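What follows is a short report on a single structure.
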Amino acid sequence: MKKSVFLGALTVAGLAAGAAAAGTLDDVKARGTLNCGVSTGLAGFSTPDANGEWQGFDVAVCRAVAAAVLDDPMAVEFVPTTGQTRFTALASGEIDLLARNTTWTFSRDNDLKFEFVGVNYYDGQGFMAPRELGVSSAKDLDGATVCIQTGTTTELNLADFFRSNNISYEPVPIETNAEAQQQYLAGACDVYTTDASGLAATRATFENPGDHVLLPEIISKEPLGPLVRHGDNEWGDIARWTLNALIAAEELGITSANIEELSAGTDNPEINRLLGTEGELGAMIGLDSDWAKRAIMAGGNYGELFEKNIGESTPIGLARGLNAQWTDGGLIYAPPFR
Amino acid sequence: MTTLTDPPKDRFRFSQLIYDTRYRSITIQVVALVLIVAALTWLVNNTVENLEESGKTFSFAFLGQPAGYDINQMLIEYDNQMSHGRAALVGILNTLLVAFLGCVAATIIGVFVGVLRLSKNWVISRLMAVYVEGFRNIPLLLWIVLIFAFLSEGLPQPRDFRGEDPAASMSVFDSVAITGRGTYIPRVGFTNSLSGNEAVAPQEGMPPLASGLVDWLVIIGVVIASIIAMRYVSARANRIQQATGERPNTLWPNVAIFFVPLGIVLLLLGATISQPYLRGFNFTEGIFLRNSLIALWLALSLYTGAFIAEIVRAGILAVSKGQSEAAFALGLRPNRTMNLVILPQAMRVIVPPLISQYLNLTKNSSLAIAVGYMDVRATLGGITINQTGRELEGMLLLGGFYLSLSLIISAVMNYYNNRTKLMER
């Protein structure tokens, strides 16, 4: 009798815990901070600066979500994750949002039970080799030793690429970008392969970036974006539309410089809806009407974030390319705020 | 009329469950059992519920799906189109390899250091003490990373061997290349291989060991047959010696029995030594001992060797001093005293704690990921879990593997211990 009561109580407790886990928004609000998974350090995307504050393009997504939900872009607890630990960290609830240059794939979306909320960087896998090696194409790499981060899609693409070109290679599995950099510079591998943006970011931190070349081949599609757990659609919507708000803001010409002025009210109804002076969009996703304004003010719109963190004026020097707005011939496109 | 009545019959009261020593132990056991069952039920229930909530099913079907990733060190044939199960097997063999090499090396180091630490030579015993304390008191992971960093940063890379005036050159008559990626040593190849391929080089995509497996089995078979024949010759010599007092010469027959058949087999198989040489980006041919393996092996054996040294020292000190005094009195030299009198007795004290050191070393080999050694933790417990999202199943399999491996090791060692322990009559 006693035992069954005890078990019953446990079951109820378990169910209550299960129900609580579904409401990530409530959890985040109650906690007062957003737990955001980022990489262990990739210049331009997520890396701590000299003051120990996290900076970067992926970090900006975390800050925007925190600003929208908690009204404080600094209320983020950053959790550094490796290629191998990131999914477990998200699935177990250790983090609420994973913004760690993670490729959107079918199996991650469905088999791993995650929800990609969009794409913040369209990327592809490339190779970096020392200039003195004299390699001009990835197809010349027969027999090369290749440094590769384990637990990534690049690991699988690499196997496919060498297989389809019928050439051999020796993989050197590595846990983090920093270790890969150290091994590559020590010469323990001939080439380093990862997302092209990651290669550019890594090369920018080298003493002599000019001694290393990026090979012309891009061997895969790597749409990188933030993701959340399956099953909590409200939370997924908040992350998705925060990212869309940053993108739409660029398209609509809303910048951190003019946002105060525009939020007083404009002639453009879409700007008004986005900034909350018109309509009830905020209430529809369980936030107040200023949510998008705060998200944009956290660091600027998508274009500003790009230029500040990884754009051509930074040491990383990435061109917008595919990541230009659709109006400029790129793929970056936000659904209408209506 | 008698006044005798039956003694008052004790009615069972519930308070007796706690206050009566006859029942108390049963009560405690029942309560403990209920608590344990409840905790287990809760754990299983919680797991099932959470799995259901995240929409995952519990299934091992992922082991049959194509793995899609490559593994650098493989003792059996493997490519990225084979299954996750096969990848796990490759990892298991890599774990077994480093654990075996580690246990052997750690034992040798441990015995030597343990004996030398008791040396009367002050310098040697102090040096050994420094080694033991240094390795025992610094975390293993640091040693693994440190040794790996020394190897990969300190040694020349294959590209340094290239050119007219190379910065580095091969050692041991140009047959061994020690590089920052690993060490290439010569390999025996077979031009008339029994497996059919008349290649000196290993088949494309096949590990060198597997491509000549049949040939190696034949060679090992011949060597074992020769050893049996040699023992027969010695036994015959013993018989003749006991009968006649004169021992026939066994040296030359034995040498002939060992080397002639082996030479004939090697000649028939067309054994050649293929030396590593530089081709393209790396050395090719020969056997490639990756630095990840060397670093892990060295670190594991040096670290565990320090513990084993202390165990050996304790075992030797446990043998009473009278034993060595008696041996000296019989005229045995210190060397033979150690080998014939002290160590055999010390073994009885040494073996039981030695088992736990072997188990520790085997389980510590899962730190391999720190240097990118592809053991079972890195394949099944790392990449496979990451690609398929089967954390629970993967970790259960991994736990099951380490558990059974440890149980097998301790079973073997316990068998040995039972054989060598003091038989009391």
Side-chain angles (χ1 to χ4, degrees), chain A residues 2-3 6-7 10-11 13-15 17-18 21-22 83-88 91-92 107-108 111-114 130 132-133 135 140-145 147-148 150-153 155-156 158-160 162-163 168-175 179 182-183 186-191 229-231, chain B residues 34-35 37-39 41-42 45-46 49-50 52-56 62 67-73 79-81 148-149 151-154 156-160 179-182 204-205 279-282 284 288 290-292 369-374 378 381-383 385-391:
Chain A
K2 241 186 178 164
K3 188 178 152 192
F6 181 56
L7 283 183
L10 280 176
T11 315
L15 284 175
Q84 291 212 20
T85 59
R86 55 182 163 180
F87 296 133
T88 318
S92 66
S107 63
R108 283 178 181 174
D111 196 24
L112 267 59
K113 307 291 178 197
F114 294 131
E132 58 167 16
L133 221 53
V135 180
D140 298 342
L141 291 176
D142 191 10
T145 306
C147 276
I148 174 104
T150 66
T152 61
T153 48
E155 191 169 43
L156 306 179
L158 182 72
D160 288 350
F162 277 87
R163 187 181 173 80
S168 63
Y169 72 107
E170 154 104 13
V172 177
I174 281 159
E175 187 82 347
E179 282 171 44
Q182 181 254 326
Q183 294 243 23
C189 43
D190 297 304
V191 283
R229 276 181 297 280
H230 236 335
Chain B
V34 167
L35 284 179
V37 168
T41 320
W42 180 77
N45 196 31
N46 190 39
E49 252 169 36
N50 280 330
E52 225 164 65
E53 190 193 314
S54 61
K56 287 184 180 177
F62 70 97
Y69 60 91
D70 285 303
I71 300 175
N72 48 16
Q73 177 182 301
D79 71 47
N80 58 48
Q81 295 305 297
F148 184 73
L151 292 175
S152 66
E153 302 270 356
Q157 297 299 340
R159 65 182 75 136
D160 297 331
T179 75
R181 291 176 191 172
E204 197 64 43
R279 193 191 72 187
F281 293 96
N282 288 323
T284 181
F288 181 23
R290 284 169 186 77
N291 274 347
S292 52
I369 190 65
V371 288
Y373 181 75
M374 297 299 275
I383 305 176
I385 284 184
N386 202 265
Q387 307 288 8
T388 59
R390 303 281 170 194
E391 293 95 352

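Keep in mind the model is a prediction, meaning the values are calculated, not measured. Below, chains carry the letters A, B, ... as their sequence lines are ordered, and counting in each starts from 1.
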inquiry  = Quick one: does any side-chain atom of B/Arg181 pair with a main-chain N or O of A/Ala188 as donor and acceptor, under 3.5 Å?
reply    = yes
Original post:
Are the side chain of A/Glu155 and the backbone of A/Gly151 linked by a donor-acceptor contact shorter than 3.5 Å?
Top reply: yes
Quick check on [X] against chain A: is it the side chain, the backbone, both or neither that has a heavy atom closer than 4.5 Å?
X	result
B/Asp160	neither
B/Ala149	neither
B/Ile71	backbone
B/Glu391	side chain
B/Phe62	neither

Most contact-rich option vs chain A, by heavy-atom pairs under 4.5 angstrom, among B/Ser152, B/Gly382, B/Gly180, B/Ser292, is B/Gly382
Looking only at B/Ala370, B/Gly68, B/Ala67, the option with the highest number of non-hydrogen pairs under 4.5 Å against chain A is B/Gly68
Could you check whether any side-chain heavy atom of [X] comes within less than 4.5 Å of a side-chain heavy atom of [Y], counting everything from C-beta outward?
X	Y	value
B/Asn282	A/Asp190	yes
B/Tyr69	B/Asn80	no
A/Glu170	B/Phe281	no
B/Tyr373	B/Arg290	no
A/Asp142	A/Ser168	yes
A/Val191	A/Tyr169	no
B/Ile385	A/Gln84	no

Can you tell which part of [X] gets under 4.5 Å to a heavy atom of chain B, answering side chain, backbone, both or neither?
X	value
A/Thr153	neither
A/Leu141	both
A/Ile174	neither

Heavy-atom pair count under 4.5 Å with chain B, highest-scoring of [options]:
options	result
A/Ala144, A/Ala91, A/Gly83, A/Ser107	A/Ala144
A/Gln183, A/Arg86, A/His230	A/Gln183
A/Gln182, A/Arg108, A/Glu179	A/Gln182

